[in-house]
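Worksheet for the structure shown next.
What you are looking at is a predicted structure, and each value in this text was computed from that prediction instead of being measured. Numbered from 1 within each chain, the chains take letters A, B, ... in sequence-line order.
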Amino acid sequence: MDSIAQAGFTFVLEEKKEISGEDLGLLQEKLLQLNWGVQHPASGPMRLKVWVDGDEVVKVDPDIGYVLRLLEKLVEYRTWINAIVNVERACFMDNFGTMTGYSIAAEKIAGVEVPKKADYMRTILCEGGRIVSHLVGLGSFVGVLGVHTAMQWALIAREKFLDAFELYSGQRIATASIIPGGVRFEPTGKFIEKMTKAIDFLEKEFFPRYEEVFLDNPTLKLRTKGVGVVPKEKAIELGLAGPPLRASGVTSDIRKDYPYAAYGELDFNVVTREEGDAYARYCVIFEELKESAKIIRQAIEGFPEGEYRTKFPVKVPPGEAYVNVEWARGCFGFHLISDGGTGPYRLKMGAPSFANLWAIPEMMKGIKLADVPVIFASLYMCHGDIDR
Amino acid sequence: MGPWLKALIFPGFLFLMLVFLMVFYVERKILADAHLRTGPYYVGRWGLLQTLADVFKLLQKEFIIQRRANKLLFSLIPFVAFLMVAILVAFIPFSSSSFIVSTSFDLLIALAIVTSMPPIFFYAGWASKSKYSFIGGLRVVNQMISGEIPLWLSALAAAVFYGTLNHIEIVQDSSWLSFIVLLPAFLIFITATLIVTDRPPFDIPEAEQEVVYGFLTEFGGFNYMILVLSKLIELFGLYGLAVTLFLGGFKGPILPGIVWFLLKIFALYMFTFVVRASTPRIRMDQLLKFCWKALTPLALLNLAFIIFIKMIFA
Amino acid sequence: MELGSAFKLPVEATKKVIRVAKALLEPKATEIWWDKEIRREYHYRGKHVIKAELCIGCSLCARACPVNCIEMVPTGVKKPRAVPKVRANECIFCGLCEDACPVKPEKAIKLTDTYTMYVEPGTWDNLAKFVFEPENLQEAIEKAKKMEEMIERKKQEALKKKQKAEKQKKGEE
Amino acid sequence: MLEEIKEKVQSEFGFQSEPYDTNMLLIHGNREKIKDLLEFLKRSGFNYPHTVSVVDWTPKGKDFEVNYIIENIQEKKFVIVRVTLPENDLTVPSVCDIFPSLQPHEREAWEMFGVEFVGNPRLEVMLLPEWAEGTFPLRKSYDFKKHRKEKK
């Protein structure tokens, strides 16, 4: 316990000897600080300061804030309805999850009951968003190992889902389609048809093709097995969330534990792995894709008739709610507070990627430099979500 | 054609340029096929001129030398590297008549040139005075040295089998029997080639996600092009060597020798590209273990086997 | 790496290589779209169409806009008192203004499937001019003016009638 | 489960608590005993902290609130520990030795609201640029237009 508090999260930067160009020859005596990030092929808009001793990583310190938009503040300037455009921009990969969480929180405060059709629609969209996000996660995980085929194959499958979203809401990524009080558009038969087609493609073409090459790949296993191992107790202590937590053997899934939307009526499994290494996290992401496809099929089968949207009041009575949703990257918490006005008084977004990010310093101690991108990608983070 | 004309045009400079362009194009197209994409499409018919356009783009770019870099070495290294690999290609017979030089120590010289590449790439990394380049340079030395031992040993097996170092003689002596006998040596040679020229899955020195672009990080524009070109030509030369030693060189029915030679090389390239599309990169320590614990002993065993065969048949 | 797996690994890897090589023969996923007519879906959220003759000037759309890119421009007539003007370079095309519009059955502000929007040259100064204004605004204003005049005339006629009637009443008395 | 916690908190610490939502308990704590309380909660199974949520109630004439949201990951129960702080004395003992993973969350809360977590070893700017240290942008008193460039 002490070790984390003092070494993992807190760096006493006693070895801040940076190497200038002239003394590169004296590499053996000093630590080399690499800036793994911001302008780097695999990092995204963040920076990891990596201190390396030869090929071995001594310590890592994340530097974030490059995509800070202060969404929590922006929401305070919006009305209850149009705050969704800020909430969905927490991460562009899976925006349905955040919108659903916000909407449920707002409905809880206002005491609005959502029609059943909207619940089912939310479920379908959330799972669609999860699939879209997980596909990119899979692709980028293999991508950091130097193979871009997986990403391309995943993007082909992703495209079908984006088409379905476009047909439903009119936009591919920033859909703004779930609002407090239901969903914004009538789910038409065309949308259902397109979604079914996308899932058919995913199950019949993508899964077999991908599973054969990139799940049971000997070189991939060689690189990722036993890398970045987090045991069960440690995962809880580090506060990991989402697929990395489940890969360490902790059965934690908000969809199962505190069912929201229509998840209580559908049958699905919580995917867990016991190993807790990078390969296990990769496998969890892949297995969850299958579960999501299953959920969407069930939701489409049991799609009820009726209204898709109820009226949401302009002014919401004072109150507060804490709502968790199982987002693609883990448990996303919304602490929403109303003061009786036309918009939220305060919204706190508890982001899963933020929690995952701060497990990096502890996980990356004493590994090889080549494992830095592997662990980074296996934690499956989104930068918009870290900075908000 | 005189040797000078040859060096300039056919198996020489212009031909190498053409090969460079085509290899890039084919690599893109095949990778795109494996990705289920289209690949280059707009520039020229079937996107054939795409690489040429890229080359012209690179030529237009500014000649940037980092402030702290060793200016002389930094600007000299790409040309030295290119010269070295061009010499390597000079010894490869594309057909019974089209080669630039032919001596009785062809194979020895070619391998010696391959062996002298690591310091050049290391200097390229060191002279840029960048952390990423430096790590890339260290890695390239590490990797190439461990890859060259199996490369030498497997090439030596062929030399022992044929009893000569002259490429032309080797090609003329080759047959189906020699192909079968030398098959293990061929496989070792190809693996070692991938390691030496750091192609995926052994592209550890250039691992984008770790050290940006290895020793190539600081190079840009024309310098970058020449350096990449020399790496590509090195692979081409080594594949030429593989075809000459193990696959019967320019021998083949009906079609002229040069076509057969290029076809064989194309098949090897196909293999390389598909490997690139399917195999994740491995780690440095794993590579070293693989080289020293598996590949080198295998190559030694293979050499012993070839000597044994030679003793039986001689 | 175990010594045994070091020999097994290349064989296993070769299998995967062959599997990927199969993908070379599969059909491409890239669709050639540039010689096809592009059809946007029903809900596609593209360029705004604002119909001044339908607008009632309630400014609900301006209030619903999350980025405050809708400005209500006064028209000088009573109905509509003001019409929305969308600053397109700030718009995020969320379509919430369309939801907020109370006009039925056809909405006064609507997002259409037109997706080609550009200003030339695309400089920062020009972006300020990149706005979506109501269609046929002048006509609508004139129409509204005529309507107003007509109403005014009718009112006055009614007034006159009333006065006449009152006079008659008085005369009768 | 939550009932037990409620009674124990009442008897041991004297803190009031109320049911917040399904599976959730809201404990009104104070900053003197917050560390003991969280330690007690951790012993009783609440070992998975979610986040630290600060609410600025100053425009309403009330004080700052610091909410620690902690989950019991085995029993699937939540607890929210609420500490109220007056505006002129925004200090609270850090709990990062009990829940190490709350350390970055506390850091963020300090950065955004200026709530000082005494004992947190790393209260540095994380998300904001360095020049913005001490501006506390999520406070209600923060003027959004202060940093906006004037139109020409």
Using a cut-off of 6.0 Å, state whether more than 12 heavy atoms not belonging to B/Arg28 lie near its atom CZ.
yes
Please classify the contact between B/Leu187 and chain C as side chain, backbone, both or neither, with a heavy-atom cut-off of under 4.5 Å.
neither
Distance-minimising heavy-atom pair for C/Val17 and B/Ser278:
CG2-OG, 3.4 Å
Interface moiety of B/Thr279 toward chain C, non-hydrogen atoms closer than 4.5 Å
side chain
Rounded to the nearest 0.5 Å, the NZ atom of C/Lys28 sits from the CG atom of B/Asp33 at a distance of 3.5 Å
